[in-house]
Colleague: 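Input: one structure, supplied below.
Here the structure is a predicted model, which is why all the values come from computation and not from measurement.
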Amino acid sequence: MEKANYKVFAGIGVSALAYLAIGYFTLYLSYPHMMVWYGVTFFAYLFLVQQKMNIWLGIAAAVGFRLLLLLAAASPGTGEAGYWWHLPQNLTNLLLLRVVWILCDLATMLLLLRLLRKMGLPAKNVLYYGLNPLVLLEVSLRLHLYTLFVLFLILSLYFLYYQRIFFSGAAFGLAIGLMGLPFLFLPLFARRIGLRRFVIFLGAFACVVWSVFYLTSSQPDLQYLALGIIHSLQQAPFNASFYILLRGLFLALAGYVEAGLLTYLVLGLIAAVALFLAFFRNPNSVRRMAGYMAVVYTFYLLLSPAVYGWQLLPLLALTSLSHFRYAVAWSGLAFLSYDPGFQSQSFALLAVEYAVVIAWLVVELYFYRQRHMLHNLQKQKLG
């Protein structure tokens, strides 16, 4: 066995022990202990994704870590109100749901792997999502619906790559049936597939959304879909960044904060970004499409009044289809908000979290620009 393989298995072993400690021996509200073990899992994760290892070994490790948490109790903690349902009391039902969630996460990893290979990107990029501790601890362990949301979002891109417009629209409809956020991506889909085929996309999307509401309620709640994004922008401030600055600006200029006006201003800014990318940057490939979706979603998070850990999952999945890794840094720093005293000392923790994330993003954008300029120069020389 090669020396590199020993390192990989050592990293997997350390991660497994840390997940066992978190799942079975650490009280959730014991913040210092959680931070120590989360730090271990995160640095082990960073180590593993940098190693040369068989991609199937990495995926097997990702599934194995989830299986280790199969019997772990999901203790209540910060952001409990953000969950869509209470975990079942019956152990059999809990195990069944966790198995389903693990299979959904595995399906997402396999779809990402397929897309990465088709796009000519490194296959190991899938591990940035699959092995991420935030994915395991905040989604697989707690059974949050963002697992399904990410799956349907990536499935929509997968069908789009193969020009299966109807199925892409159907998968997109399933994503919107879970939450209204995908509405932000509609301008990108319209520009990518053209208005004529976009009608087919919308038809499939509408049929699926209607079916979702038909199966879950007496009549389609179209108002809920229309206002879903607005409701998400009206939450009480928590772990927010630029939203706090906008609110402070309103307060300084007007002497008070008009919550409704601020909400629509934020929504308008996010919509403007989506429309600009759709009509002035042309997402002419699925790879670029995923990148622009990540940009729109990043603006949504930066301008949102409340940012919980599980909300980073779509960004982790989308950026795994690129060379950008600021979402990885964000997922590591997001755990700072789990400090029970976060609200009282939020300024210092927020400053650390978002200063690092934004600095990382700026550096990555600089190097991306440099690579792009070098690529254009090489093309000119060859021409």
Side-chain angles (χ1 to χ4, degrees), residues 103-121 123 125-126 129-130 145-216 220 222 225-226 228-229 270-271 273-279 281-298 300 313-322:
L103 291 175
C104 289
D105 250 353
L106 175 60
T108 300
M109 286 185 270
L110 294 177
L111 289 170
L112 287 172
L113 178 61
R114 182 71 173 173
L115 285 172
L116 286 167
R117 286 175 168 169
K118 289 294 182 181
M119 294 175 180
L121 291 168
N125 281 12
V126 68
Y129 176 85
L145 285 182
Y146 264 81
T147 300
L148 303 181
F149 172 60
V150 172
L151 171 60
F152 294 137
L153 200 61
I154 299 302
L155 183 62
S156 182
L157 287 176
Y158 177 81
F159 283 127
L160 183 63
Y161 183 88
Y162 287 99
Q163 299 296 313
R164 306 289 179 85
I165 304 302
F166 180 87
F167 293 108
S168 179
F172 192 80
L174 288 171
I176 282 189
L178 293 170
M179 54 196 67
L181 291 177
F183 271 120
L184 297 171
F185 305 135
L186 279 177
L188 296 172
F189 276 93
R191 181 62 190 275
R192 174 68 184 87
I193 62 182
L195 291 179
R196 183 175 299 179
R197 290 193 300 167
F198 189 59
V199 174
I200 300 174
F201 181 93
L202 283 180
F205 148 74
C207 287
V208 169
V209 170
W210 183 87
S211 299
V212 168
F213 279 108
Y214 179 80
L215 293 172
T216 57
L222 298 180
L225 283 180
I229 301 175
I270 300 168
V273 171
L275 291 170
F276 174 82
L277 292 173
F279 295 103
R281 286 293 181 264
N282 190 11
N284 54 10
S285 68
V286 173
R287 178 176 174 178
R288 184 167 289 183
M289 177 84 174
Y292 289 167
M293 288 169 69
V295 172
V296 173
Y297 194 73
T298 298
Y300 166 78
L313 273 297
L315 189 61
L316 281 166
L318 290 169
T319 54
S320 70
L321 297 172
S322 72

Colleague: Kindly compute the distance separating CD1 (Ile200) from CD1 (Ile193), expressed to the nearest 0.5 Å.
Modeller: 8.0 Å
Colleague: Give a yes or no answer on whether the side chain of Ser211 reaches the backbone of Cys207 with a donor-acceptor pair at less than 3.5 Å.
Modeller: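 Yes: the side chain of Ser211 pairs with the backbone of Cys207.
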Colleague: Which atom pair, heavy atoms only, marks the closest approach of Arg191 to Pro283?
Modeller: CG-CD, 3.8 Å
Colleague: Kindly give the heavy-atom pair with the smallest separation between Ser322 and Leu121, and that separation in Å.
Modeller: N-CD1, 4.0 Å
Colleague: In this structure, are over 12 heavy atoms from other groups packed under 6.0 Å from Phe167 atom CZ?
Modeller: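 Atom CZ in Phe167 is not packed in, count stays at 12 or less.
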Colleague: Could you give the distance from OH (Tyr297) to OG1 (Thr319), rounded to the nearest 0.5 Å?
Modeller: 11.5 Å
Colleague: Tell me whether Ser320 contacts the main-chain N or O of Ala317 through its side chain, where contact means a donor paired with an acceptor under 3.5 Å.
Modeller: yes
Colleague: In Å, rounded to the nearest 0.5 Å, how long is the span from CG of Leu313 to CG of Leu318?
Modeller: 11.0 Å
Colleague: Given Tyr161 and Arg114, is the side-chain contact (heavy atoms from CB on, under 4.5 Å) satisfied, shown in steps?
Modeller: CA-CA 10 Å; Tyr161 183 88; Arg114 182 71 173 173; over 6 Å; no
Colleague: Give, for atom CG of Leu110 and atom CG of Asp105, the distance between the pair rounded to the nearest 0.5 Å.
Modeller: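 Reported value, rounded in 0.5 Å steps: 10.5 Å.
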Colleague: Would a 4.5 Å heavy-atom cut-off, applied to side chains only, mark Lys118 and Val286 as touching?
Modeller: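 No, too far: nothing below the 4.5 Å cut-off.
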Colleague: Taking side chain as C-beta onward, heavy atoms only, is Leu115 less than 4.5 Å from Leu321?
Modeller: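 Touching, per the 4.5 Å side-chain cut-off.
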Colleague: Decide yes or no for Leu112 and Thr108: does some side-chain heavy atom of the first lie under 4.5 Å from some side-chain heavy atom of the second?
Modeller: yes
Colleague: Can you tell which of Phe152, Phe205, Phe149 makes a side chain to side chain contact (heavy atoms under 4.5 Å, CB included) with Leu174?
Modeller: Phe152
Colleague: Identify the two heavy atoms, one from Asn282 and one from Arg288, that lie closest to each other, and give their separation to 0.1 Å.
Modeller: O-CD, 3.5 Å
Colleague: Between Tyr146 and Leu181, is any pair of side-chain heavy atoms under 4.5 Å apart?
Modeller: yes
Colleague: Is any side-chain heavy atom of Leu153 closer than 4.5 Å to one of Met293?
Modeller: yes
Colleague: If you count heavy atoms of other groups shown closer than 6.0 angstrom to CZ of Arg197, is the number above 12?
Modeller: yes
Colleague: CG/Leu315 to OH/Tyr129 distance, rounded to the nearest 0.5 angstrom?
Modeller: 12.0 Å
Colleague: So which atom in Pro187 and which in Ala278 form the shortest heavy-atom distance, rounded to 0.1 Å?
Modeller: O-CB, 3.4 Å
Colleague: Is any side-chain heavy atom of Tyr300 closer than 4.5 Å to a side-chain heavy atom of Val273?
Modeller: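 Counting from C-beta outward, Tyr300 and Val273 never come under 4.5 Å.
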Colleague: I want to check something: taking the side chain as every heavy atom from C-beta on, are Val208 and Phe172 in contact at a cut-off of under 4.5 Å?
Modeller: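 SC-SC contact between Val208 and Phe172 ruled out.
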Colleague: So, do Asn284 and Arg192 sit near enough that their side-chain heavy atoms are less than 4.5 Å apart?
Modeller: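 Not in contact.
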Colleague: Using only atom types and a distance under 3.5 Å, with no angle test, would you say the side chain of Ser156 pairs donor to acceptor with the backbone of Ser168?
Modeller: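 Here the side-chain-to-backbone pair exists.
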Colleague: Roughly how far, to the nearest 0.5 Å, is CZ of Phe159 from CZ of Phe201?
Modeller: 12.0 Å
Colleague: Between Tyr292 (side chain only) and Arg281 (backbone N and O only), is there a donor and an acceptor less than 3.5 Å apart?
Modeller: yes
Colleague: Can the ring centroids of Tyr162 and Tyr158 be said to lie less than 6.0 angstrom from one another?
Modeller: yes
Colleague: Return the minimal non-hydrogen interatomic distance between Leu113 and Ala123, and the atom names on each side.
Modeller: CD1-CB, 3.6 Å
